[in-house]
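Let me begin by presenting the structure, written as structure tokens, before commenting on it.
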Protein chains: 2
Amino acid sequence: MDNNIPDIEILFELADLFKVFGDSTRLRVMVTISDSERSVTEIAESLNMEQSTISHQLRVLRQNKLVRVRRDGKQMYYSLDDDHVKKIIEMGMDHILE
Amino acid sequence: MDNNIPDIEILFELADLFKVFGDSTRLRVMVTISDSERSVTEIAESLNMEQSTISHQLRVLRQNKLVRVRRDGKQMYYSLDDDHVKKIIEMGMDHILE
DNA sequence: ATAACATATGAACGGATATACATATGTTCA
DNA sequence: TGAACATATGTATATCCGTTCATATGTTAT
């Protein structure tokens, strides 16, 4: 942490970011697509959840720029946006597993 | 991320951990005590919030082992538990500020 | 064009939770 | 011991949010 205290507004943004990570479905989705991109149906089947549920959560992930999308015909392929995402998850893991 | 997919239960735990970071009040508390320990009253005044609100949130932070407590007379002095906490916050900051 | 499939979206319901108020517990000092 | 202060806790409320169901939008192939 730096010496200077982060602005309140930034802390609100930060809280919003962590909120996205604070749901097990979204985490599972992120983990599911962490190695290679997956279509919505693939993710839903993999997690054994409703397609609409996954779609709703993917929107949240999209809005927070945590995932990328690519269309290929009828399917939309999702993948993690950048390495920050993986690192944030790993960091959390470290805390839990210590 | 490793090749092996994390267990579902661990992802639930992980979500719970991130949930704690997903509240601006708790984040502000953490930032407030990141440099040096502070009493409950000090934190509450610093954030201009009710003492009970802060106390409730400190309990959440305690239960998740994110803060340490030390009693000194009437006051309880809170500080961050370990460097993971700071690093998780920094990592989130990086994501936002990029 | 229409059928079949994939995904997104809207609305509603239920459960979780942050805050405030009141009060209890704990500590110090006179 | 009792007053004053610091912190914790119980309860209630209001808001937020994840999921489901229903349906719309978009794409492909016949």
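Naming convention: chains lettered A, B, ... in sequence-line order (proteins, then strands); numbering from 1 in each chain.
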Specify the separation, in whole Å, of atom CZ of B:Phe12 and atom C1' of D:dG18. 12 Å
Heavy-atom nearest nucleotide on DNA chain D for A:Val60 versus A:Lys74: which residue maps closer to 5'? A:Val60
Sub-4.5 Å side-chain heavy-atom contact between A:Ile88 and B:Phe18: yes
For a 4.0 angstrom threshold against heavy atoms of chain A, report the outermost contacting nucleotides of DNA chain C in 5' to 3' order. C:dC5 to C:dA11
Let me know the distance between CE of A:Met76 and C1' of D:dG26, rounded to the nearest Å. 10 Å
Which is true for A:Tyr77 with a 4.0 Å heavy-atom rule: it touches a base, it touches only sugar-phosphate, or it touches nothing? nothing
Please say which of A:Thr53, A:Leu47, A:Asn48, A:Ile54 ends up in a side-chain contact (heavy atoms from CB on, under 4.5 Å) with A:Glu50. A:Thr53
Distance in angstrom units between A:Asp16 CG and D:dC16 C1', rounded: 12 Å
How many whole angstroms separate atom CG of A:Leu61 from atom P of D:dG18? 10 Å
Mind calculating the distance between NZ (B:Lys19) and C1' (D:dG18) to the nearest angstrom? 10 Å
Atom CD of A:Glu50 to atom C1' of D:dC21: distance rounded to whole Å? 8 Å
Between A:Thr25 and D:dT19, is there a contact of a side-chain N or O with OP1 or OP2 at under 4.0 Å? yes
Counting just side-chain N and O atoms, does A:Gln57 come under 4.0 Å of either OP1 or OP2 of D:dT19? yes
Side-chain contact test, heavy atoms from C-beta onward, threshold under 4.5 Å: evaluate it for A:Tyr78 versus A:Val40 and give yes or no. yes
What is the distance, to the nearest angstrom, from the CG atom on A:Asp23 to the C1' atom on D:dT19? 10 Å
When we call it a touch if two heavy atoms are under 4.0 Å apart, what does B:Thr41 touch: a base, just sugar-phosphate, or nothing? sugar-phosphate
Does the side-chain ring of B:His56 lie flat on the base of D:dT9, meaning centres under 5.5 Å and planes less than 30 degrees apart? yes
If we only count heavy atoms from C-beta on, is the B:Lys19 to A:Asp23 side-chain gap below 4.5 Å? no
Do B:Leu80 and B:Leu66 come within less than 4.5 Å of each other through their side chains, counting heavy atoms only? no
Closest heavy-atom pair and its distance - B:Glu37, B:Ser79: CB-CB, 3.9 Å
Separation of B:Phe18 atom CZ from D:dC17 atom C1', in whole Å? 19 Å
Distance in Å, A:Thr25 OG1 paired with A:Arg28 CZ, rounded so as to fall on 0.5 Å steps: 6.5 Å
Please compare B:Ser52 and A:Gly22 by the position of their nearest nucleotide in DNA chain D and report the one closer to 5'. B:Ser52
